[in-house]
Q: 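The structure follows.
When a residue number appears, it is its place in the shown sequence, counting from 1. Heavy atoms only: backbone and side chains are in, while hydrogens, waters and symmetry mates are out.
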Amino acid sequence: MAFNHRHLIDLREYSADDITLLLDTADRFRSVNERRIKKVPTLKGFTVVNMFNEPSTRTRSSFEIAQKRLSCDTLNFGGSSTSAVKGESLTDTVQTLCAYKVDMIVVRDRHAGAPHHIAKVSGAHVIDAGDGKHQHPTQALLDLLSIRKAKGSLEGLRVGIVGDIAHSRVCGSLVPGLATMGCEVTLIAPRTLLPAAPEALGAHHVTTDLDEALPELDVVYMLRIQQERLENSPFPNLREYQMLYGLDRNRERLMRPDAIVCHPGPVNRGVELDSHMLYHPERSVVIDQVYSGILVRMAAMYLLLGGSEDGISA
C-alpha cells in the first residue's frame with residue numbers, strides 16, 4: 001500500500017488505511033526492538049532535527065531512541081538553547097536549520113499551529129510531537145497500537161476518555177483517530193474540564209458521570225490533570241476530583257471483566273489512577289504504551305522518509 005503523506009501533523013488527514021499501514025509497520029519493527037542488537041540501517045544518511053521548545057520526557061526520549069535504532073543522524077535542541085531567547089523568530093530559526101540540508105524536523109511547541117508553520121517554511125518533512133492544546137498525533141497512534149494489541153481489533157470498541165479534555169492535545173488527535181478506526185468514543189469529564197464545543201472533537205457521546213459510563217466501556221483512557229495549563233480552579237480540589245473521576249480498586253468493580261486501562265503519562269498517582277489500577281496485570285496497558293511509542297515513531301519516520309525495504313529486515 002502506498003503512503004502518500006509528507007507530514008504527520010493532523011491525524012484527521014489520515015484515512016483508516018493510512019493508520020492501519022502505520023500500525024502494521026510499527027508491528028514489523030517490534031522484532032527489531034526485541035533482539036540483542038536493536039539497530040537497522042533503514043534511514044542511514046538521513047538527518048532529523050528534534051526541536052523541542054517545551055519540556056518533554058517520554059516523547060523526546062522515544063523519538064531519540066527510535067532515530068538511533070533507524071541509524072539516523074540527529075540534532076537535538078530547543079528551549080533556552082535556541083536563538084529564540086535572543087529574539088530570533090521561529091521562521092528564521094527553521095530556515096537556518098534547513099541550510100544544513102536536514103530531511104525532517106520533529107517539533108514540540110507550546111504554540112498551537114507551530115508544526116504547520118514549520119512545514120510551510122522549511123521544505124522538510126515535519127512530525128508534530130505536540131503543539132499547545134491542539135494535536136499530538138504520534139501519541140494517538142501509539143495508543144491505537146497498544147489498544148489493538150490488547151483487544152485484537154479496533155473496530156467497534158467502546159472507548160471512554162476521562163478527565164482534562166479541555167486542555168488535552170492528546171484528545172485532538174486520539175478522538176478523530178479512534179473514530180476513523182471504527183471506535184465509539186465517549187468523553188467523560190466535569191463540565192469545567194470540557195471544551196466549549198466538545199462535539200467538535202468528533203466524539204459520539206459526552207457525559208459527566210463516570211460511574212454510569214464505566215460498565216459499557218471496553219477501553220478506559222484516563223487523562224492527566226494538566227495543572228500547569230489550568231487558568232483557574234475548575235474543581236474544588238484534587239481529592240474531590242479523585243472521588244468523582246479517579247479510577248481505583250473500588251471503582252474497578254463497575255468495569256467490564258475484559259476492559260483495559262490506558263494513560264498517556266505522566267500519571268498523577270492517586271488522582272487519575274491508584275497504584276492498583278496503574279500496574280493492574282490484566283487491565284493496564286500503560287507500560288506497553290511507552291514501548292509502543294518507540295515502534296510508532298520508528299514507523300512514522302520510516303514511512304515519511306521513504307526508508308528502504310531492505311533496511312527494515314536487515
Side-chain angles (χ1 to χ4, degrees), residues 1-9 11 14 17-52 56-78 97-98 100-108 115 119 122-130 136-150 154 173 177 265 285 287-314:
M1 186 189 303
F3 190 76
N4 298 317
H5 294 275
R6 181 167 178 79
H7 310 296
L8 178 52
I9 296 175
L11 207 56
Y14 280 57
D17 285 343
D18 293 330
I19 292 173
T20 298
L21 178 58
L22 266 161
L23 300 184
D24 288 348
T25 305
D27 267 332
R28 293 178 64 197
F29 278 118
R30 201 176 293 274
S31 62
V32 173
N33 285 272
E34 292 173 358
R35 65 194 196 188
R36 189 174 69 85
I37 298 175
K38 302 173 180 63
K39 198 176 186 77
V40 289
T42 309
L43 296 183
K44 186 175 182 180
F46 287 94
T47 302
V48 180
V49 174
N50 296 313
M51 180 190 290
F52 277 67
S56 170
T57 300
R58 289 160 180 77
T59 303
R60 181 166 188 160
S61 60
S62 70
F63 264 113
E64 291 181 13
I65 291 172
Q67 290 153 7
K68 287 179 170 61
R69 292 182 180 173
L70 290 170
S71 302
C72 293
D73 295 318
T74 60
L75 172 64
N76 301 315
F77 79 102
L97 289 172
C98 291
Y100 302 147
K101 308 302 181 186
V102 303
D103 300 292
M104 174 177 281
I105 300 174
V106 178
V107 59
R108 167 170 288 201
S122 70
H125 299 270
V126 174
I127 295 180
D128 180 357
H136 197 348
T138 59
Q139 177 68 50
L141 289 167
L142 72 88
D143 296 333
L144 292 173
L145 184 64
S146 288
I147 293 169
R148 189 178 76 165
K149 179 174 179 287
L154 294 167
S173 297
V285 298
I287 298 301
D288 187 73
Q289 287 174 270
V290 178
Y291 178 41
S292 293
I294 298 173
L295 305 179
V296 156
R297 285 155 184 149
M298 290 178 74
M301 290 186 289
Y302 167 80
L303 290 170
L304 290 170
L305 290 171
S308 67
E309 181 64 25
D310 290 342
I312 197 169
S313 58

Q: Determine whether a donor-acceptor pair (N or O, by modelled atom type, separation under 3.5 Å) exists between the side chain of Arg6 and the backbone of Gly123.
A: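 A pair under 3.5 Å: yes.
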Q: How long is the straight-line distance from CG of Leu144 back to CG of Leu11, given to the nearest 0.5 Å?
A: 7.0 Å
Q: Is the shortest heavy-atom distance from the side chain of Arg148 to the side chain of Asp24 under 4.5 Å?
A: yes
Q: Rounded to the nearest 0.5 Å, what's the gap from CG on Leu21 to CG on Leu303? Could you check?
A: 5.0 Å
Q: With a 3.5 Å distance limit and no angle check, can you tell me whether Thr47 reaches the backbone of Val102 through a side-chain donor-acceptor pair?
A: no
Q: To the nearest 0.5 Å, what is the distance between NZ on Lys44 and CG on Asp73?
A: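 Those atoms lie 9.5 Å apart.
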Q: Would you say Asn33 and Tyr291 make side-chain contact, with heavy atoms under 4.5 Å?
A: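 A side-chain contact exists here, since the closest heavy-atom pair is under 4.5 Å.
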Q: Is the positively charged end of Arg108 above the ring of Phe52, judged by distance under 6.0 angstrom from the centroid and angle within 45° of the axis?
A: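 No, Arg108 does not lie over the aromatic ring of Phe52.
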Q: Does any part of the side chain of Thr138, heavy atoms only, come nearer than 4.5 Å to the side chain of His136, both counted from C-beta?
A: yes
Q: Test side-chain contact (heavy atoms from CB on, under 4.5 Å) on Leu8 and Leu141 and set out the steps.
A: CA-CA 11 Å; Leu8 178 52; Leu141 289 167; 3.8 Å; yes
Q: Run through Ile9, Leu304, Val49 and flag the one making a side chain to side chain contact (heavy atoms under 4.5 Å, CB included) with Val126.
A: Ile9
Q: Check whether any side-chain N or O of Ser62 sits under 3.5 Å from a backbone N or O of Ile294 as a donor-acceptor pair, and report yes or no.
A: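 Not a single qualifying donor-acceptor pair exists.
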Q: Could you tell me whether the side chain of Arg69 reaches within less than 4.5 Å of the side chain of Val40, counting heavy atoms only?
A: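 When only atoms from C-beta onward are counted, Arg69 and Val40 do not touch, as no gap falls below 4.5 Å.
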Q: With distance as the sole test, does Arg35 use its side chain to make a donor-acceptor pair with the main-chain N or O of Lys39 at under 3.5 Å?
A: yes
Q: Give, for atom CG of Leu43 and atom CG of Asp103, the distance between the pair rounded to the nearest 0.5 Å.
A: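 With rounding to 0.5 Å, CG (Leu43) is 9.0 Å from CG (Asp103).
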Q: Flag the pair Phe3 / Tyr14 as yes when at least one side-chain heavy-atom distance between them is below 4.5 Å, and no otherwise.
A: yes
Q: Measuring from atom CE of Met51 to atom OG of Ser122, what distance do you get when rounded to the nearest 0.5 angstrom?
A: 9.0 Å
Q: Should Arg30 and Lys149 count as side-chain neighbours, where that means a heavy-atom distance under 4.5 Å?
A: yes
Q: Under a 4.5 Å cut-off applied to non-hydrogen side-chain atoms, are Ile65 and Lys38 in contact?
A: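 Ile65 vs Lys38: side chains apart.
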Q: Could you check if a side-chain atom of Val48 sits within less than 4.5 angstrom of a side-chain atom of Ile127, using non-hydrogen atoms only?
A: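 Not in contact.
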